[in-house]
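Every chain is numbered from 1 and lettered A, B, ... according to where its sequence line falls, protein lines coming before strand lines.
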Amino acid sequence: MTANAQKGTVRIELGRRYHFAASHRLHSAALSEEENCRIYGKCNNPFGHGHNYVVEVLVSGKIDPATGMIANLADLDRFVEREILDPFDHKSLNEDVAAFHSAVPTTENLCIEIFRRLKTFPNAKLERVRVQETSNNSFEYAGDNPQGFGR
Amino acid sequence: MVLLTRKIEFAASHLYHNPDFSAEENRRVFGKCNNPHGHGHNYTLEVTVAGQPDPVTGMVLDLKDLKEILEREVMQRMDHRFLNYEVPELAGQIPTCENIARVIWQLLDPKIKQGRLHRVRLYETPDLFADCYRNGSEGADAR
């Protein structure tokens with residue numbers, strides 16, 4: 001195919017959304033029962049509660065002229081399936097994800113954990129991750145990537 | 001700096017096929033998108049322009065002008081078209097979301113005279129999109 005006209009004038013990112021459902025409980029061992037209750041409110045319910053999470057993954061790279069793609073979606077989907085959806089979907093984040101045995105599974109921390117797991121994607125550069133906890137709350141993390149925010 | 005975004009939707013068909021690949025390779029790399037008869041999407045395009053509001057009008061640019069540019073450059077070219085065969089700017093390229101977003105950027109950038117094109121985001125489905133930025137835009141265009 002034609003070596004296309006991407007010569008350095010624009011930068012392209014590919015965004016893909018994934019969905020999973022999981023439960024969590026916000027509770028910090030470093031705080032008293034009363035403090036936990038005051039800070040986390042309903043989210044401190046000892047039995048936990050759940051959300052339908054939406055994960056938006058943004059990767060960047062050169063468009064391969066042979067395929068027109070930054071990364072083949074099938075490869076990205078397989079990677080996210082293995083790293084995020086299989087271990088998180090229909091799970092208790094507190095019980096089933098090792099990172100949250102110590103850290104509180106707020107969506108801030110979830111965002112950081114998802115970024116950590118996805119940054120090894122070999123076919124493109126992970127720019128940032130946006131996690132929607134509900135349609136009213138979302139969180140973004142770009143690691144130490146200088147281009148991750150502010151655009 | 002203020003960012004202004006306008007959204008439009010268009011419907012188009014496409015297929016992914018590289019004539020340099022064997023039939024088997026095309027099927028392996030492009031999967032269902034390699035169906036020779038093509039398939040279609042409802043695309044959603046979000047165009048973001050950055051600028052300072054004019055002190056008299058309070059506008060970064062007149063949305064009517066942006067609407068006309070989008071109608072002329074994108075809707076008339078791509079809406080209800082077969083992207084592989086009917087959009088000359090995509091000739092010889094695989095019409096992926098990445099390539100279409102880049103072509104739309106290149107069509108719009110010279111036409112936007114008030115403010116500066118900041119981002120083109122093209123959704124192929126609600127779960128798949130491509131973003132196009134000016135290279136090196138983390139300088140002047142950064143928030």
Out of curiosity, B:Asp131 CG to A:Glu127 CD, how far, rounded to the nearest 0.5 Å? 10.0 Å
Please classify the contact between B:Pro126 and chain A as side chain, backbone, both or neither, with a heavy-atom cut-off of under 4.5 Å. backbone
Set of residues satisfying side chain to side chain contact (heavy atoms under 4.5 Å, CB included) with respect to A:Asn137, sequence neighbours excluded: A:Glu133, A:Thr134, A:Phe139
Same apolar cluster (I L V M F W Y, side chains within < 4.5 Å links), B:Ile94/B:Phe129: no
Does one hydrophobic cluster hold both B:Ile69 and B:Val74, with members joined at side-chain heavy-atom distances below 4.5 Å? yes
Given side chains that start at C-beta, do those of B:Leu128 and A:Leu73 come closer than 4.5 Å, heavy atoms only? yes
Can you check whether anything in residues 29-37 of chain B gets within less than 4.5 Å of chain A, heavy-atom wise, and list it by number? B:Val29, B:Phe30
Single-linkage hydrophobic cluster, 4.5 Å side-chain cutoff, B:Leu15 and B:Val103 together: no
Enumerate, atom names and distances included, each donor-acceptor pair closer than 3.5 Å involving a side-chain atom of residues 43-52 of chain B, sequence neighbours excluded.
from    : atom 1 : to      : atom 2 : distance (Å)
B:Tyr43 : OH     : B:His14 : ND1    : 3.4
B:Thr48 : OG1    : B:Thr5  : OG1    : 2.8

List the residues meeting side chain to side chain contact (heavy atoms under 4.5 Å, CB included) with A:Val54, not counting sequence neighbours, and say none if there are none. A:Arg17, A:His19, A:Gln132
Side-chain heavy atoms under 4.5 angstrom apart, residues restricted to Ile, Leu, Val, Met, Phe, Trp, Tyr: same cluster for B:Leu63 and B:Ile104? yes
Of all the heavy-atom pairs spanning A:Ile12 and B:Ala130, show the shortest one and how long it is. CG2-CB, 4.5 Å
Would you compute the distance between atom CG of A:Leu14 and atom CD of B:Glu124 and round it to the nearest 0.5 angstrom? 9.5 Å
When you look at CD of B:Glu25, are more than 12 heavy atoms from neighbouring residues, nucleotides or ligands closer to it than 6.0 Å? yes
Shortest non-hydrogen separation from B:Cys132 to A:Val10 and the atoms involved: SG-CB, 3.6 Å
Least distance between heavy atoms, B:Glu98 atom then A:Ile63 atom: CB-CD1, 3.7 Å
Determine, using the 4.5 Å side-chain heavy-atom cutoff (strictly less than), whether B:Tyr85 and B:Leu90 are members of one ILVMFWY cluster. no
Interatomic spacing from CD1 in A:Ile70 to CG in B:Asn99 - rounded to 0.5 Å: 9.5 Å
Straight-line distance of B:Arg134 CZ to A:Arg11 CZ, nearest 0.5 Å: 11.0 Å
Contacting region of B:Cys97 [heavy-atom separation from chain A under 4.5 Å]: neither
Under 3.5 Å donor-acceptor, B:Asp127 side chain and A:Arg16 backbone: no
